[in-house]
Amino acid sequence: MKKIYSAIINAVTMSNSIQQEKIFVGVSWPYASGKIHLGHLAGQNIACDVFSRYHRLKGNKVLMVSGSDSHGTPILFKAEELGIEPEQLIQQSHQEIVNTFKQLSLIYDNYTTTATENHKEVVQNIFLVLKEKGYLYPQKSKQYFDEKVNKFLPDRYVRGTCPNCGAVNARGDECPECGKFLKPEDLIDPFSTLSDTTPILKETEHFYLDLKKLQPQLSKWIDETSVNWRKWVREFSKGWIREGLEPREVTRDMKFGIPVPVEGWEDKVIYVWIEAVVGYLSAAIEWADKIGKPSEWEEYWKDPKCKHYYFIAGGNTPFHTIIWPAELLAYSEKYSDDTLWEKYKFPGETKREKLNLPYNVPSNKMLLYKGKKMSKGDGVGMDADSLLEKYNSDLIRFFFLRYAPENHDREFEWKDLIDCNNNELVANIGNFINRTLTFTQSKFNSVIPEGVLDKEVEESISNAFETIGTHIEKCEFVKASEALLQFSSFANKYFNDKAPWASYKEDLKDCGNTIYNSIQLVNTLRILIKPFMPKSSIAISNMLGLEEESDPNIELDSTGVVNTYENNWEFNVIESNKTLNQSKILFEKILE
RNA sequence: CGCGGGGUAGAGCAGUGGCAGCUCGUCAGGCUCAUAACCUGAAGGCCGUUGGUUCGAAUCCAACCCCCGCAACCA
């Protein structure tokens with residue numbers, strides 16, 4: 001038995017000596033034009049939090065940022081539709097999103113918006129550096145213009161007859177009938193969806209991002225970096241490169257947004273490809289300022305050892321594997337140019353070192369609802385709030401992780417949600433905790449009996465920390481949740497095989513030993529579920545009487561910063577003779 | 001021939017040349033501390049189709065069929 005303990009002590013010492021890692025987590029920015037829906041949860045907003053909570057528990061330094069995208073045509077038009085000012089819609093939606101995130105126990109180091117002065121400053125800075133380095137150039141073109149509402153029209157706001165199949169309501173980007181991809185100019189008898197009038201083609205001028213020029217560097221970077229990416233993300237991104245990148249428009253004829261900081265361009269704004277993705281950097285800069293250490297963001301953006309993860313989904317993938325890296329590569333030329341370095345410093349910037357590129361982009365596929373993808377734009381799907389009214393947030397967190405569309409699209413099914421709750425949370429994890437604690441109460445008067453850790457229990461525990469941790473680090477969240485359930489199954493089987501209800505009558509010492517071991521397994525479950533189901537973990541802490549334990553995630557949630565870094569992703573023993581609190585049912589069965 | 005992913009038990013998936021497997025669900029029996037688990041057994045498959053390579057193919061090759069995403073304002 002001594003050997004077993006020394007093995008545990010060794011494991012603990014070793015894990016503490018592992019060097020602290022730095023992790024930057026960027027999460028896709030939802031449009032401030034409505035509530036968070038189930039697609040957001042399945043896409044990225046649960047996985048990012050599990051990932052960050054895990055790394056904080058390990059004692060790593062994590063910076064997780066995101067915010068509400070407060071610009072763009074959809075917001076403008078949605079506000080018009082509602083008859084309110086865009087600012088009012090943004091304010092309202094941002095607040096709703098923040099509330100939903102809070103209910104789901106999502107902790108961001110900084111969740112901001114793109115409507116801040118800081119963001120504007122950083123975006124314009126990047127725009128100007130790219131321009132000075134020759135990656136942005138102006139070019140004239142003709143676009144549809146609605147004279148009645150006095151606006152240039154984005155592709156999907158122009159409709160007309162499809163030249164391919166003759167359908168009358170084809171959109172400027174695609175015909176929904178025959179699936180043909182179109183340009184607005186292709187449409188026969190075009191009309192504006194804003195006024196039903198016929199738009200005219202009008203000349204305008206825009207800046208273009210010269211992706212062609214960046215292609216060689218980008219191609220090299222993606223070949224080197226994408227080895228550990230999800231297969232579909234890697235192949236998809238490489239496919240884009242293989243096809244050949246084209247220069248793309250990065251400004252728009254609008255007043256709503258961040259103005260182009262060039263003389264004579266005051267009526268135009270910077271488009272989403274530059275504007276929104278820059279939020280990852282500007283939110284980090286804002287965070288540093290908020291915590292009173294204006295240069296602290298450089299720790300995450302300039303230390304080459306800091307790994308950058310972007311949690312996104314679906315069609316956002318190329319923005320994060322192609323366009324954003326391209327902009328970062330181009331921008332980093334600032335650091336080898338004396339003039340630009342002096343002229344274009346970011347707030348708090350002190351180090352003349354390149355910005356970090358993405359390390360991994362664990363992008364998810366789409367969650368389908370009744371066979372269609374959920375989307376804010378099309379109004380398909382369901383918002384997260386209505387789910388939160390019915391079910392507890394830990395179930396929702398666990399479900400959307402366990403059934404996440406990591407490699408394939410997936411249909412959302414109510415039955416899956418109920419099965420996940422009843423078969424996995426209730427019958428597996430909840431059952432083990434409940435049977436152990438009620439047995440301790442009824443047979444041992446709530447006092448943990450004397451015992452020593454069985455070899456198989458010890459092995460299973462250290463294996464669980466190892467396996468689940470590795471899966472999370474590799475962004476394999478479905479596998480991580482499976483491994484958690486496997487561990488819980490082992491615990492149930494252990495209890496069963498040891499049959500303490502039988503040994504209670506024949507061999508009280510053996511019975512006590514089984515319960516001692518089972519309590520250690522309950523405690524291990526409590527630690528293992530921390531990244532997944534933080535509220536349930538706290539509920540178990542209360543039952544075990546462990547309320548005062550230090551936890552970086554609770555620290556961050558309550559104070560806004562993490563000050564203590566130590567490895568909490570490891571087994572610790574609960575001593576014998578400790579008295580437990582009254583146990584409660586952790587997960588309620590859902591009756592259909 | 002636009003790019004990419006996929007097609008294996010009712011559902012979800014693993015399986016890169018060697019007897020088709022895992023999880024969940026279904027059915028029967030055992031056990032029972034538990035909102036119940038665990039054990040034993042059972043049912044359920046043309047591995048999308050066709051052809052080829054091979055002693056041997058879910059796996060390698062060719063052609064084809066079907067589903068999905070993307071194609072630049074979708075998470």
Taking protein heavy atoms under 4.0 Å as touching, what does nucleotides 3-13 of chain B look like 5' to 3' if B marks base contact, S marks sugar-phosphate-only contact and - marks none? SSSS-----SS
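Side-chain atoms of A:Arg248 lie closest to B:A72 of the nucleotides B:U35, B:A72, B:A75.
Residue A:Leu153 is out of contact with every strand shown, counting any heavy-atom pair closer than 4.0 Å. As judged by a 4.0 angstrom heavy-atom cut-off over every strand, A:Tyr271 is placed among the base-contacting residues. Among the protein residues, A:Phe587 comes within range of the nucleic acid bases, having at least one heavy atom under 4.0 Å from a base atom. Using a 4.0 Å heavy-atom criterion, one finds that A:Lys493 contacts the sugar-phosphate atoms exclusively. A:Arg230 comes within contact range of no nucleotide atom at all, as no heavy-atom separation falls under 4.0 Å. Residue contacts for A:Asn431: at a heavy-atom cut-off of 4.0 Å it reaches a base atom on one of the strands shown. Note on A:Leu41: nothing from the nucleic acid sits closer than 4.0 angstrom, heavy atoms only.
The side chain to side chain contact (heavy atoms under 4.5 Å, CB included) test applied to A:Lys238 returns A:Ile222, A:Asp223, A:Ser226, A:Arg234, A:Arg242, not counting sequence neighbours. Residues satisfying the side chain to side chain contact (heavy atoms under 4.5 Å, CB included) test with A:Thr204, not counting sequence neighbours, are A:Ser141, A:Gln143, A:Phe152, A:His206, A:Asp253, A:Lys268. The side chain to side chain contact (heavy atoms under 4.5 Å, CB included) test applied to A:Asp210 returns A:Tyr137, A:Lys212, A:Lys213, A:Pro247, not counting sequence neighbours.
Rounded to an integer number of Å, the gap from NE2 of A:His71 to C1' of B:C73 is 14 Å. Between the NE2 atom of A:His206 and the P atom of B:A72 there is a distance of 16 Å, given to the nearest Å. Taking atom CG of residue A:Leu395 and atom C1' of nucleotide B:U35, one finds them 15 Å apart after rounding to whole Å. If you take NE2 of A:His320 and C1' of B:A72, they are 14 Å apart, rounded to a whole angstrom. When rounded to the nearest whole Å, the span between CG of A:Asp383 and C1' of B:A75 equals 15 Å. Straight-line distance from the CZ atom of A:Phe490 to the C1' atom of B:C38: 13 Å, rounded to whole Å. What separates CH2 of A:Trp29 from P of B:A75 is a distance of 15 Å, to the nearest Å. Between the CZ atom of A:Phe432 and the P atom of B:U35 there is a distance of 15 Å, given to the nearest Å.
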Taking only Watson-Crick and G-U wobble pairs with both distances under 3.5 Å, what dot-bracket line describes RNA chain B, where [ ] shows pairs that cross earlier ones and | shows pairs with another strand? .(((((((.[[[[.)..(..]]]].(((((.......))))).....[[[[[..)....]]]]])))))).....
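In this structure, A:Tyr403 has its ring center no closer than 6.0 Å to that of A:Phe412. For A:Tyr271 and A:His71, the ring centers are positioned 6.0 Å apart or more. With ring centers used as reference points, A:Tyr111 lies under 6.0 Å from A:His94.
To the nearest whole angstrom, the two P atoms, one in B:G5 and one in B:A14, are 14 Å apart. Nucleotides B:G17 and B:U59 are separated by 11 Å at their P atoms, to the nearest Å. Nucleotides B:A20 and B:A9 are separated by 11 Å at their C1' atoms, to the nearest Å. The separation of B:A58 from B:C70, taken at their C1' atoms, amounts to 29 Å, rounded to a whole angstrom. Taking the P atoms as reference points, B:G18 lies 11 Å from B:A57, given to the whole Å. Spacing of P atoms, B:U8 relative to B:C47, comes out at 11 Å, to the nearest Å. Here, B:A42 and B:G10 have their C1' atoms 16 Å apart, quoted to the whole Å. Spacing of P atoms, B:U53 relative to B:C61, comes out at 15 Å, to the nearest Å.
Residue-to-nucleotide proximity on RNA chain B shows that, of A:Ala427 and A:Arg402, the 5′-proximal contact is made by A:Arg402.
Between A:Lys365 and A:Glu406 there is no salt bridge, since no side-chain nitrogen of the basic residue lies less than 4.0 Å from a carboxylate oxygen of the acidic one. Residues A:Glu249 and A:Arg252 are paired through a salt bridge, judged by an N-O separation under 4.0 Å between the basic side chain and the carboxylate. Remark: A:Arg397 engages A:Asp49 in a salt bridge, criterion side-chain N to carboxylate O under 4.0 Å.
Side-chain contact annotation: A:Asp507 with A:Ser503, donor-acceptor N/O pair under 3.5 Å absent.
More than 12 heavy atoms of other residues, nucleotides or ligands lie within 6.0 Å of NZ in A:Lys535, so this atom counts as buried by the packing criterion.
Here the shortest heavy-atom pairing between A:Cys511 and A:Phe439 reads SG-CE2, 3.8 Å.
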Write out a two-atom table: protein N or O, nucleotide N or O from nucleotides 25-33 of chain B, distance below 3.5 Å.
from  : atom 1 : to       : atom 2 : distance (Å)
B:G25 : OP1    : A:Asn423 : OD1    : 3.4
B:C33 : N3     : A:Arg435 : NE     : 3.1
B:C33 : N3     : A:Arg435 : NH2    : 2.6
B:C33 : N4     : A:Arg435 : NH2    : 2.3
B:C33 : N4     : A:Asn496 : OD1    : 3.1

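No donor-acceptor distance shorter than 3.5 angstrom exists from the side chain of A:Asp454 to the backbone of A:Glu456, with no hydrogens or angles considered.
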Intermediate values then yes/no, side chain to side chain contact (heavy atoms under 4.5 Å, CB included), A:Arg230 and A:Cys475: CA-CA 9 Å; A:Arg230 287 182 185 158; A:Cys475 297; 4.2 Å; yes
